[in-house]
Structure formats: C-alpha cells, structure tokens
Amino acid sequence: MNDKELFSLSLDIGEEIIRCGGEIGRAKETIRRINSENDDCVIFALPNFLFAKCGNMISARRIGDTRLDMAEIERLNALSRRICEGKYNDINITKQVRLSKTADMLFNSIAVFCFCVFFGGSFYDALFSAAIGMIISSGFYRRRDYSLFTANLIDSFIIGTTACIFQKLLPSLDTDKIIIGAIMILVPGITIQNAARDMVNGDIEAGGYELLESIMSALAIAVSIATAILLGRII
C-alpha cells in the first residue's frame, strides 16, 4: 500500500471515528499514527469537519450525520492498530453491525424502562416510559436530515405531551418519573465527556464546539419539556 492510499485510508478511519461519536483527539491520533512515516503531518478536526495534510497530500472531509456507536469505535481502533503493524489484509472501513429499526426501538425502550426505575418510578411508570421511548425511536422525522437541536426539540415535546396524556388517562402515574426516564436517552452525556477530554488534550476549538452543542441540546430538551407540561396543565 503506497503513501497516498494509506493517507486516504487513515482519513476514512478518522472520519468514521468522529461520525460514531469518538473523541476528536482519538481521530487525530489515529490519522497521525497511521501516517507515522511522514513527519510533516498536520491535522485539524471538528465534529463536522476534518482536514489533514501529510507532505504534499492534502484532503478535507465534511462529516455529516453522527451517531454514538461504541462498538464501532472499538472495531475501528483495532483496525487502525492492525494497519500500524503493517497488516493490510481484509481491511473494511464500512460499519460491520447494523441494528434493525425494531432492535433499536427495543433497546431504547429497555434503557428507558431501567432509567425510570432507577430514578424512583414504579413498574407501571417504567412501562409507560418505555412505551414513550419506543415512540420517539420510531418517529417519522428521524428519517429527515434534522439537526440535533431540532430533533431534541421534537423528541422532548413528544415525551412531555405523551406523558401528560398518560397521566390524564391514569392519574396514579407519576408524570415526572416517566419524563425523567424517557429523556435520559436524549441527554448528551457522552458529548460533554468528549468535550472535556478534547479541551484537556489541547483541542480547544473542537471541545468548545462539542460543549456548545451539548448546551444547546440540553436547552432544547428543557424548553420542550417545560412547554409540553405547561400545555398539559392548561388543557
């Protein structure tokens, strides 16, 4: 494999690491290690943009739709280590495991159920919270190219509205616990962690971008939930 192919391959892996929710520092270090034979390697990365220059080779990538996938990050890390060892056989950048829509809905509902119980909800609260988790996982709008802020606005409003409807039908349900359990799958915890780690590692621009995105995401959740609860009380 020549230098040009290796450079392109390293960018493919770095792009996928960022796309799957990995830290910016991890993606940059991966690209740098794969191109370790070239001392003149400059990399600049943000959550939606990747630029690299190694010698006379220059490339820029726009990173679009991102989604947290820790298993895929681990696979890409293993793949990059193999490449650094000079093992170029059976290299596949594309995602290996693709969960079906049904599996995605099921796992989200299980996570929401457990969160609701963890925060003090009853078994029935957790069941209704899991139903809401399944509803937002199957939302038609998820097929559209909405930003994270807009998607969280819609998801949170659906969570708050549906929880209020359930409480109107069954007054014994605890709306607060249902909502808390459901919104936990929207809270940008990993993004905040990545932002802190990137800023500590010196990637101030990338970390600041991620931190701002997390704050906007949390703001979207808070505004939508508050609006839904207010409308539920008025109606």
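Since we're looking at a predicted model, the values are computed, not measured.
- Under the 3.5 Å distance criterion, the side-chain polar atoms of Asp198 are matched with a main-chain donor or acceptor of Gly25.
- In this structure a side-chain-to-backbone donor-acceptor pair under 3.5 Å is missing from Ser137 to Met105.
- When all heavy atoms of Leu173 and Gln167 are compared, the pair lying nearest together is O-CG, 3.7 Å.
- Here the straight-line distance linking atom CE of Met57 with atom SG of Cys41 works out to 8.0 Å at 0.5 Å rounding.
- Scored by the side chain to side chain donor-acceptor pair (under 3.5 Å) test, Lys53 finds Asp40 as partners (sequence neighbours excluded).
- Just one residue in the list Leu11, Leu79, Leu76 forms a side chain to side chain contact (heavy atoms under 4.5 Å, CB included) with Glu16, and that residue is Leu76.
- Screening Asn35, Ile58, Asp12 against Phe7 for a side chain to side chain contact (heavy atoms under 4.5 Å, CB included) leaves a single residue, Asn35.
- Once rounded to the nearest 0.5 Å, the distance linking CD1 of Ile136 with OG of Ser156 reads 8.0 Å.
- Without hydrogens or angle criteria, Thr227 side chain to Val223 main chain gives a donor-acceptor distance under 3.5 Å.
- Taking hydrophobic clusters as Ile, Leu, Val, Met, Phe, Trp and Tyr residues chained together by side-chain heavy-atom distances below 4.5 Å, Phe44 does not share a cluster with Tyr209.
- Here the closest heavy-atom approach between residue Leu153 and residue Ala220 is recorded as CD2-O, 3.6 Å.
- Residues Ile185 and Phe128 are members of one and the same hydrophobic cluster, defined by side-chain heavy-atom contacts under 4.5 angstrom among Ile, Leu, Val, Met, Phe, Trp and Tyr.
- Side-chain contact check for Ile34 versus Leu6: some heavy-atom pair is nearer than 4.5 Å.
- Using a 4.5 Å heavy-atom cutoff, the side chains of Ser217 and Thr191 are not in contact.
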Between Ile17 and Asn77, does the side-chain contact (heavy atoms from CB on, under 4.5 Å) criterion hold? Intermediate values first, please. CA-CA 8 Å; Ile17 288 175; Asn77 286 338; 4.1 Å; yes
Would Ile229 and Thr175 count as a side-chain contact (heavy atoms from CB on, under 4.5 Å) if you check the C-alpha gap in whole Å, the side-chain angles of each, and the deciding distance to 0.1 Å? CA-CA 9 Å; Ile229 292 175; Thr175 308; 5.6 Å; no
Walk me through whether Glu29 and Arg33 qualify under salt bridge (Lys or Arg N to Asp or Glu O under 4.0 Å). CA-CA 6 Å; Glu29 185 65 19; Arg33 285 181 179 275; 3.0 Å; yes
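- Looking only at side-chain heavy atoms (C-beta outward), Phe115 and Ile180 stay at 4.5 Å or farther from each other.
- Closest approach of Asn194 to Gly21, counting heavy atoms only: ND2-O, 2.8 Å.
- Contact of the Leu231 side chain with the Thr161 side chain is not registered, since no non-hydrogen atoms from C-beta on lie closer than 4.5 Å.
- Scored by the salt bridge (charged side-chain N to carboxylate O under 4.0 Å, His left out) test, Glu205 finds no partners at all (sequence neighbours excluded).
- Pairing each heavy atom of Ala195 with each of Gly207, the nearest pair is CB-O, 3.4 Å.
- Heavy-atom minimum distance, Gly14 versus Ala27: O-CB, 3.6 Å.
- Glu23 places none of its side-chain heavy atoms less than 4.5 Å from the side chain of Asn201.
- Put simply, Leu46 and Phe51 are part of the same group of oily side chains (I, L, V, M, F, W, Y) that touch within less than 4.5 Å, one to the next.
- The number of heavy-atom neighbours closer than 6.0 Å to CZ of Phe149, taken from other residues, nucleotides and ligands shown, is above 12.
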Candidate pair Ile63 and Leu50, rule side-chain contact (heavy atoms from CB on, under 4.5 Å), full reasoning: CA-CA 7 Å; Ile63 303 172; Leu50 176 63; 4.1 Å; yes
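- Annotation: Phe119, atom CZ; neighbour count of heavy atoms from other residues, nucleotides and ligands within 6.0 Å is above 12.
- Atoms OG1 and CD, on Thr30 and Glu15 in that order, are 13.5 Å from each other to the nearest 0.5 Å.
- Note on Ile135: it clusters hydrophobically with Ile179, by side-chain heavy-atom contacts below 4.5 Å among ILVMFWY residues.
- Looking at every heavy atom in both residues, Val117 comes nearest to Ala126 through CG2-CB, 3.6 Å.
- Asp174 places no side-chain N or O within 3.5 Å of a backbone atom of Asp125 that could act as its donor or acceptor partner.
- Side-chain contact between Ile132 and Phe166 is present, with heavy atoms from C-beta onward closer than 4.5 Å.
- Side-chain contact between Pro47 and Ile24 is present, with at least one heavy-atom pair separated by less than 4.5 Å.
- Here the side chains of Ile73 and Arg26 are in contact, with some heavy-atom distance below 4.5 Å.
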Begin from the C-alpha positions of Ile159 and Ile225 and carry the test side-chain contact (heavy atoms from CB on, under 4.5 Å) through to its verdict. CA-CA 7 Å; Ile159 289 172; Ile225 290 294; 4.1 Å; yes
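- If you chain together hydrophobic residues whose side chains sit under 4.5 Å apart, Met216 and Leu186 never meet in one group.
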